[in-house]
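What follows is a single structure, written as C-alpha cells, with notes after it.
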There are 4 protein chains.
Amino acid sequence: MSPLNKQQLEIIRDERATQIKQASLKVFARYGYSGTKTSMIASEAGISEGLIYRYFSSKEELFNTLIQELLEDASRELENLHQLQGSPYEQIKAVTENMLDEANRNAFILIQTTRMDEDIPQKATENLKKYSADTLIDLLLPIFVKGQESGEFYEEDPCRLASWYFSIVNSICMQEWGKEEYGMPSVEVLMRILKKN
Amino acid sequence: MSPLNKQQLEIIRDERATQIKQASLKVFARYGYSGTKTSMIASEAGISEGLIYRYFSSKEELFNTLIQELLEDASRELENLHQLQGSPYEQIKAVTENMLDEANRNAFILIQTTRMDEDIPQKATENLKKYSADTLIDLLLPIFVKGQESGEFYEEDPCRLASWYFSIVNSICMQEWGKEEYGMPSVEVLMRILKKN
Amino acid sequence: MSPLNKQQLEIIRDERATQIKQASLKVFARYGYSGTKTSMIASEAGISEGLIYRYFSSKEELFNTLIQELLEDASRELENLHQLQGSPYEQIKAVTENMLDEANRNAFILIQTTRMDEDIPQKATENLKKYSADTLIDLLLPIFVKGQESGEFYEEDPCRLASWYFSIVNSICMQEWGKEEYGMPSVEVLMRILKKN
Amino acid sequence: MSPLNKQQLEIIRDERATQIKQASLKVFARYGYSGTKTSMIASEAGISEGLIYRYFSSKEELFNTLIQELLEDASRELENLHQLQGSPYEQIKAVTENMLDEANRNAFILIQTTRMDEDIPQKATENLKKYSADTLIDLLLPIFVKGQESGEFYEEDPCRLASWYFSIVNSICMQEWGKEEYGMPSVEVLMRILKKN
DNA sequence: TATGAATGAGGCTTCATTCAT
DNA sequence: TATGAATGAAGCCTCATTCAT
C-alpha cells in the first residue's frame, strides 16, 4: 500500500482524537475524574493504552480538552437561541428541553461533576468559569424580561430569576433518572417556577 | 502516673472516631470517593494517616460507615416530621428549609455524589438503596395529599409531584452555592412547583 | 515498526512469569513468606516492583502458585520412580539422592518452611496437605516391603519405617549445609536406618 | 501501700522480663521472626504492647536475648552430660531423648528457624555461631570414641559421625510431629545410624 | 501509527516504637 | 510501672506514563 499523504493522516488523527474524546466523555461522566483509569478510556475507545498519549499529552490534558470543547459546543449552541420562535414561555421551554435532552446528558453531567469535584485539573476549572452559566443567562435575559413585561413570568429581578431557574435545570440534568420511578420532572412543572398561574 | 481508665479511653476512642468521620465527610463530599486520599482525611482531621486504621479497617469501611450513619441520621430526623405544625405549605417549607440548611449540606452532597459515582464501595450503594428518597416521600405523602385536598397544591399524582419536588430540592442541595451571584434559589421560588397561584 | 505479534507477546509473558517465580523461590526459601519483601523479589528478578503485579495479583498469589507448581513438579517426578532399577536398597538410595540434590534444595526448603510457618496463606497450606509426603510414601511402599522380604531392610511396620525415613531425609534437606564442617550426612549413613547390617 | 523497695522492684522486673521472653519464645517459634508482631507477644504475655519496651529496647533485642539465653541454657545443660551413666549407647540415647523432649521443642525450633531464616538480626546469627552444634559435639566426642573402641558404634571419623548424627536429630526436632501419622522417629531407629548391628 | 510490557511515583495499609496519662 | 493511643517509616499495590518493538 502506498503511504498515506499528509491530509489523509491528519484525518486519521482527527478521527482517533474524536474517538478518544467520546470514549472518555462517557467514562469520565460515569466514574469521575479520579475514578477513571486511562485503561478504561482505552478499552472504551477500543484502542491500546499507550495510544492515548499520541493524541493527548496526559489524562489531565485530555480532560481539559474535553471540558473546553464541551463548553465551546454549548456556547455555540446558545448563540442560535436568539432565533428562537414563539412566546418567551415557548422559547425558555425549548432551551430547557434542549438542556435536558438525553443526547447532551453526558456533557452536562461531566461539566457539573467538574464544578463540584475539586480533584480536577485547575485549567478545567478556569475554563468552567469563563464559560459559566452567566453566558447562558446573559443571552437569555432579554427573553425573561419580555416574559415579565407580557405578564407571563413572575415579576422579580430577572437576573436572579434566570440564574435560579437555570441552576435548577442544571441540577436536574445531573441526576441519574433512569432508575427513578417517575423519571425526570416534566418541563411544564419546572416552568411553574417562572410562570404566573 | 496511673493509666487512663476504661471509660476515659472509650471517650477518647469515640471522640477520635467522630473526628475522623467529620473530617472525612468534609473531604469525601468535596473530592469524591476516589479523589479523596487517606492523607487528606488525616490532614483534615489533624492526625496521622496510620491512626485512621485504629478506628476503621479501611478507607472503604470508613466510607460505608459514614454513609450508613448519615442515612440513619437523616432517617431519624424524618421520623420527627409527623409532628410538624401548620398548613401543608408550611410543613413542606419547613422540610425543604431543613434539607437546604448549611449544616446538612455535606451529608446531602456526599449521599448524592455517592448515588452518581459508580466507583464506590458496593455496600454503600446498597445502603443508599435501602434508605433511599422513597422513605422521605412515603412519610410526606399525606401532607401532599392534604395540600391538594385543600386546594393549596397542584392536582396531579401526589407521588409523582412529591418525587419530582424532592428530586429538585435534592439536586439543588448538591450545588456549590457560595460563589454564585444569587446564591441558592429561595424556598418560596421552589415551592411554586407545588403551590397553585 | 509493527508491534509484536500475539505469539511473541505470550513468550515474553511466560518468560517473565518464570523469571519472577524463580526469583521468588530463591527469596522465599531464604527469608520465609513474611520475611520476603516484594522489593526483594523484584530486585532478585531484576525488574521493577510494579511489574510483579502484571503477572501475579498479589504476593500471596505468587506464593501460592509457586508452592503449587513445586508440588506438582515433585509429584510428577515421583511418578517416574516406578521404573527405577536395582535392588530395593539401590532404589531408595536413588530416591534419597534425588531429594538431597542441590538442584531441588530451594523447593524442598520452601515447602518445608511453609509446613512450619503458620503465617502463610491458607491456600498454600491446603495444597501442601493434598500433595503431602504420604503420596511419596504410598508410591515407595512396595520397595520397602520387597526390601524387608529380601532381608535387606529392618523388619517393622513398613509404613512407619518409610514415613520415618523420609521425615528424616526431608528434615535434612532443609538445613543449610554449606557452612557445616562435614556437610550433609552421606546417603549411606542415612540408610543405616533401613538396612540390616 | 508502702512503695516497694529496690529489691522487690528488681524481682518484679525479672518476672516480667521472663514472662515476656517465654511468651515471645512461643510466638517466635510458631510464626518466625518477621511473622511475629509485637502485639502477638504482648497478647500472649497478657501485657500491653508498650510494656515490652520497658524491658527490651526493641523486638530485635528481645529476639537476640532470647536466642542467647536459650543457647546458654542448652550449653549449661550439656555440661552435665559428663556425669551421664551407662554405656556410650545409653548415654547418647539419653542426650537424644533430651533433645527430642517436648519441653525443649520450642527452643530447638526457634534456634533452628533462626539458623535458616536470614531475615533475622545479625547478632542472633553471631550468637548461633558461637554456641553452635560444635560445642555439643566437642563435649560428646569422648563418648563416641569410647563407643567405637568398645565396638558398639560404627568405625569412622568420630567427629563426622557425631556431627552428622546431631544434625539429623536437630532436623527432626524441628518438625511438626503432632499431625504426622507415625509421629517422630523413635530414638532406637535413629541410633541405628551409630550402632553396629 | 499502534501495541502492551515496563517503570516508578504515589496511594492504602501495617506495625514497631514512642508518648501522654 | 503500666496502658493503649498516636506516630511514621516501610511494605504492598495501582496506575499514569514511557518505551521497545
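It should be emphasised that the depicted structure is a prediction, and the values quoted were computed from it without experimental measurement. Throughout, protein chains are lettered first and strands after them, A, B, ... in sequence-line order, and every chain is numbered starting at 1.
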> Looking at D:Tyr33, does the NZ or CZ of D:Lys59 lie under 6.0 angstrom from its six-membered ring centre and within 45 degrees of the ring axis?
Replying inline: yes
>> Rounding to an integer number of Å, can you tell me how far B:Gln7 CD sits from F:dT3 C1'?
In response: 17 Å
> Atom CD in C:Glu44, atom OG in C:Ser39: separation rounded to 0.5 Å?
Replying inline: 12.0 Å
> Are B:Gln68 and B:Glu72 close enough that a side-chain donor and a side-chain acceptor fall under 3.5 Å?
Replying inline: yes
>> Distance check needed: F:dT21 C1' versus C:Glu15 CD, whole Å only.
In response: 15 Å
Each nucleotide N or O in nucleotides 10-12 of chain F that has a protein N or O under 3.5 Å away: list the pair and distance.
residue	atom	partner	partner atom	Å
F:dC12	OP1	C:Thr36	O	3.4
F:dC12	OP1	C:Thr38	N	3.4
F:dC12	OP1	C:Lys59	NZ	3.1
F:dC12	OP2	C:Thr38	N	2.7
F:dC12	OP2	C:Thr38	OG1	2.7

> Which part of the nucleic acid does B:Tyr55 contact within heavy-atom distance under 4.0 Å: base, sugar-phosphate only, or nothing?
Replying inline: sugar-phosphate
> Which nucleotide, F:dA2, F:dA5, E:dA6, lies nearest any side-chain atom of C:Ser48?
Replying inline: E:dA6
> Want to settle it: does B:Gly50 or C:Gly50 sit nearer the 5' end of DNA chain E, counting the closest nucleotide to each?
Replying inline: C:Gly50
> For C:Leu51 and B:Glu10, take the nucleotide of DNA chain F holding the closest heavy atom to each; which residue's nucleotide lies nearer the 5' end?
Replying inline: B:Glu10
> D:Ile41 has an atom CD1; how far is it from atom C1' of E:dT17, in whole Å?
Replying inline: 13 Å
> If you measure only the distance, is there a donor-acceptor pair under 3.5 Å linking the side chains of C:Glu49 and C:Thr38?
Replying inline: yes
>> Please determine whether side chain to side chain contact (heavy atoms under 4.5 Å, CB included) holds for the pair B:Ile47 and B:Ile41, giving the CA-CA distance in whole Å, both sets of side-chain angles, and the decisive distance to 0.1 Å.
In response: CA-CA 9 Å; B:Ile47 58 171; B:Ile41 297 171; over 6 Å; no
> Starting at CZ of D:Arg54 and ending at P of F:dT1, how long is that distance when rounded to a whole Å?
Replying inline: 5 Å
>> If you count every heavy atom of other residues, nucleotides or ligands that lies below 6.0 Å from A:Glu10 atom CD, does the total exceed 12?
In response: no
>> Whole angstroms only, please: what is the NZ-C1' distance between C:Lys6 and F:dT21?
In response: 18 Å
> For C:Asn64 and C:Glu60, what are the C-alpha separation, side-chain angles and deciding distance, and is it a side chain to side chain contact (heavy atoms under 4.5 Å, CB included)?
Replying inline: CA-CA 6 Å; C:Asn64 287 339; C:Glu60 176 169 336; 3.7 Å; yes
>> Return the pairing partner of E:dT17 with a 3.5 Å limit on both distances, Watson-Crick or G-U wobble; otherwise return none.
In response: F:dA6
>> Between P on E:dA6 and CZ on C:Arg16, what's the gap in Å once rounded to a whole number?
In response: 4 Å
>> From CD1 of B:Ile12 over to C1' of F:dT7, roughly how many Å is that when rounded to an integer?
In response: 16 Å
> D:Ile20 CD1 to E:dT17 P: how many Å, rounded?
Replying inline: 13 Å
> Closer to the 5' end of DNA chain E via nearest nucleotide, is it C:Ile47 or B:Glu60?
Replying inline: C:Ile47
